[in-house]
Amino acid sequence: MNIKSLLRDNIRSMTPYSSARDEFDSIAEVYLDANENPFENGMNRYPDPYQKTVKTRLSEIKGVPAANILIGNGSDEVLDLIYRAFCEPKINNVVSHNPSYGMYPVLSEINDVPLRKVNLEENFVLDGQKMIDASDENTKVFFICSPNNPSGNLLNKEEIRKILDLKRGIVVIDEAYIDFAETDSWLVDLNKYPNLIVCQTLSKAWGLAGLRVGMCFASAEIIKVLNAIKPPYNINILSQKAALDALNREEEFKQHLKVIMAEKVKIEKALTDSKVIKKLFPSDSNFVLARVENALELYNFLLKRKVIVRNRSKEYLCDNCLRFTIGTPVENQRLIEGIAAYEKK
Ligand SMILES: *Cc1c(COP(=O)(O)O)cnc(C)c1O
């Protein structure tokens with residue numbers, strides 16, 4: 001499969017920005033090459049444009065070489081880079097499923113690249129052939145979100161494989177919630193598919209949504225292109241340091257993950273037992289989607305008790321559905337009590 005031929009013409013032929021650190025990336029005693037201010041305050045120097053120390057640690061955790069990793073200012077930046085690398089505005093298109101993550105349509109509009117939405121089946125099941133049928137010779141990227149937001153479920157691997165095997169375009173698998181799922185990441189198949197990009201983030205299981213650090217894993221060829229078009233210093237010094245610190249505290253990550261998973265079981269049980277809940281959808285994420293009689297009414301009831309959940313009723317297959325993120329044990333208790341009070345009312 002020829003990845004180069006999938007790139008936009010202008011990207012294929014561009015000259016990337018060459019930073020001072022690109023031109024000299026070694027140890028010296030005096031740095032007078034980047035027009036920085038010489039007075040030390042911890043941030044007077046430009047950050048490492050390739051975040052080498054963070055990638056070395058990520059590489060250990062994920063089992064993927066650093067050359068196959070790109071770090072972005074949140075995975076939202078990574079997704080935007082993918083649009084800009086492959087999709088010619090007004091000419092190319094991308095395919096995703098419906099419902100899915102709300103950033104794909106937004107990025108499609110910003111980049112002027114039409115998004116073709118393929119409805120999921122009952123219970124949010126993916127039909128790979130329908131994604132393929134929606135594509136044509138102008139399709140450059142398929143966006144697949146697994147575990148899916150807002151439904152919470154993993155999408156079937158064999159259905160996704162059909163799209164990868166078609167080799168018609170890049171297949172992005174957004175794994176923002178993969179740490180909550182009891183299954184292998186698509187990273188294990190990275191070497192098998194030259195057209196696969198796996199996106200992950202530190203925003204969810206790693207507890208760093210405020211830091212804005214997301215990443216993708218792909219062939220060295222794809223990573224090289226994304227590196228060439230990203231803003232050179234997209235991850236600032238503080239973010240690189242905080243990301244590294246967090247990645248070095250893996251025990252804390254695992255401990256919090258364990259609590260969230262146990263709390264999810266507790267919430268699922270409470271929701272299953274509640275007469276208010278008409279249907280609870282199975283979740284491989286840190287949230288659950290549930291159908292109720294009147295989503296807006298329950299939303300407002302909880303709001304009065306200062307508990308905010310997400311009303312997803314307007315999404316396809318989600319009529320009268322609320323999405324509950326798993327919080328701390330105390331927060332979850334507030335949710336469960338709120339629903340119980342609504343039931344009694
Ligand atoms: C939360 C989320 C992200 C994370 O985006 P960041 O920009 O890394 O915070 C990505 N994809 C999906 C589907 C999400 O729900």
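Read the numbers this way: they start at 1 and go in the same order the structure lists the ligands and their atoms. Hydrogens, waters and symmetry mates play no part in the numbers below; they use all other heavy atoms, side chains included.
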- Contacts of Lys55 meeting side-chain hydrogen bond (donor to acceptor under 3.5 Å, both in side chains) (sequence neighbours excluded), chain-then-number -> none
- Item | Listed partners of Lys117 passing side-chain hydrogen bond (donor to acceptor under 3.5 Å, both in side chains), at least two apart |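 So Lys117 forms no side-chain hydrogen bond (donor to acceptor under 3.5 Å, both in side chains) with any residue.
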- Query: Hydrophobic cluster mates of Leu238, side-chain heavy atoms under 4.5 angstrom, ILVMFWY only, any path?
  - Reply: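 Other cluster members: Met43, Ile237.
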- Would you check if Leu226 and Cys216 make a side-chain contact, meaning some heavy-atom pair closer than 4.5 Å? yes
- Query: Using the ring of each side chain (for Trp, its six-membered ring), is Tyr177 parallel, tilted or perpendicular to Phe180, with breaks at 30° and 60°?
  - Reply: tilted
- Residues Glu297 and Lys345 bridged, charged N to O under 4.0 Å: yes
- Check each protein residue for a heavy atom under 4.0 Å from ligand 1 and list those that pass, ordered by chain and number.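 Only Gly74, Ser75, Asp76, Tyr101, Cys145, Asn149, Asp174, Ala176, Tyr177, Thr201, Ser203, Lys204, Arg212 have heavy atoms that fall under 4.0 Å of ligand 1, ordered by chain and number.
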